There are 2 protein chains.
Amino acid sequence: MTTLNRPGAPDGHVCGIDAAMEVIGGKWKVLVLWALHEHPRRRFGELRRLLPGITEKVLASHLRELEADGVVHRVSYDEVPPRVEYSLTEDGKRLNDALQPLAAWGRRRPVTGGLEEGAGRSRS
Amino acid sequence: MTTLNRPGAPDGHVCGIDAAMEVIGGKWKVLVLWALHEHPRRRFGELRRLLPGITEKVLASHLRELEADGVVHRVSYDEVPPRVEYSLTEDGKRLNDALQPLAAWGRRRPVTGGLEEGAGRSRS
DNA sequence: CAGGATCCACTGGGATACTG
DNA sequence: CAGTATCCCAGTGGATCCTG
């Protein structure tokens, strides 16, 4: 367990977000999910092309973890030229749905209408 | 740019999730948000107590980033014993709302009804 | 073409000690 | 009490080379 470890939720809930974060915790995870959502049944190379900047290792490992987490489905046809297709599982689609509100929130962030704190974007 | 960097969304969307992930990307970020959501106007030490296992450094930095991102509001009264109170901004509350579906998804994960991949939780 | 194996660099996070 | 300052380690992501 390298992720969030709540000692047992003293308040009575586990919030489940940590579980979700465990799944989408990778740097490109959500984008892979997203790409798969918009381009069902994509092959490794295609996904790689869809995610400019990602390396094979990272894509491969993310895909493997996503598969292990049951949100991505992998089908490999053993043909002469190796061919593998990835797609979202039902659970993966649900995850994507659950991600929508967050996406919407993030999208309206830069120009929030009622931000009174005057906070600016500043990160490392 | 240490975060997700999409070259400009070739498909026409930025999905916004990456922006959101930037905000909640810390290990304890969501839990801090959560704690603040359930315990409005909490002080540093109290928050620390609410998040067993978190260190001062991390709590402080998360709080600072969360504040910079406009989701947490910080009020410091300069009294004799230093006193600072943290609370969620309106945007922070919206973020929390946006997090709910994800939390719900994560909560029902362990016992998914139709998981045929036979995947188990396996991480590094 | 799909990825496994390595090596490396970076940074996020933990522990501890100190200050206003 | 509410942080800040260091040091350090581990995990994660990146680049490259190599294989089925």
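Lettering of chains follows the sequences in order, A, B, ..., and the numbering in each one begins at 1. Quick caveat: nothing in here was measured; it's all calculated off a predicted structure.
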Could you tell me how far apart B:R42 (CZ) and D:dA2 (P) are, to the nearest whole angstrom? 12 Å
Rounded off to whole Å, could you give me the CH2-to-P distance for the A:W28 and D:dG13 pair? 11 Å
Does a side-chain N or O from B:R48 land closer than 4.0 Å to OP1 or OP2 of D:dC1, or not? no
Round to a whole Å and report the spacing from CZ of A:R64 to C1' of C:dA2. 11 Å
Ion pair present between A:E67 and A:R64, side-chain N to carboxylate O less than 4.0 angstrom? no
Which residue in the set A:D91, A:L36, A:L88 passes side chain to side chain contact (heavy atoms under 4.5 Å, CB included) when paired with A:N96? A:L88
In whole Å, I'd like the distance from the CZ atom of B:R49 to the P atom of D:dA2. 8 Å
Report yes if at least one side-chain N or O of A:R43 is closer than 4.0 Å to OP1 or OP2 of C:dC1; otherwise report no. no
Between C1' of C:dG20 and CD of B:E56, the distance in whole Å: 16 Å
With distance as the sole criterion, do the side chain of A:K57 and the base of C:dG3 form a donor-acceptor contact below 3.5 Å? no
With rounding to the nearest 0.5 angstrom, report the CG to CD distance, A:D69 to A:E22. 7.0 Å
Does A:Y77 put a side-chain nitrogen or oxygen below 4.0 Å from OP1 or OP2 of C:dC1? no
In whole angstrom, give the distance that lies between atom CD of A:E46 and atom P of C:dC1. 11 Å
Tell me the interatomic distance from A:E67, atom CD, to C:dA2, atom P, rounded to whole angstroms. 15 Å
Can you name the nearest heavy-atom pair linking A:S87 to A:R41, along with the distance? CB-N, 3.9 Å
Quick one: is A:H62 getting a side-chain N or O under 4.0 Å of the D:dG13 phosphate, OP1 or OP2? yes
How long is the line joining CD of A:E79 and C1' of C:dA2, in whole Å? 13 Å
Which nucleotide, C:dG20, D:dG3, C:dA15, lies nearest any side-chain atom of B:P82? C:dG20
Can you find a side chain N or O atom of A:R74 that sits less than 4.0 Å from OP1 or OP2 on C:dG3? yes
Of the candidates D:dG14, C:dC1, C:dA15, the side chain of A:V58 sits closest to D:dG14
With a 4.0 Å cut-off on N to O distance, would you call B:R43 and B:E85 a salt bridge? no
Tell me if the side-chain of A:K27 makes a donor-acceptor pair with the base of D:dG13, cut-off 3.5 Å, by modelled atom types. no
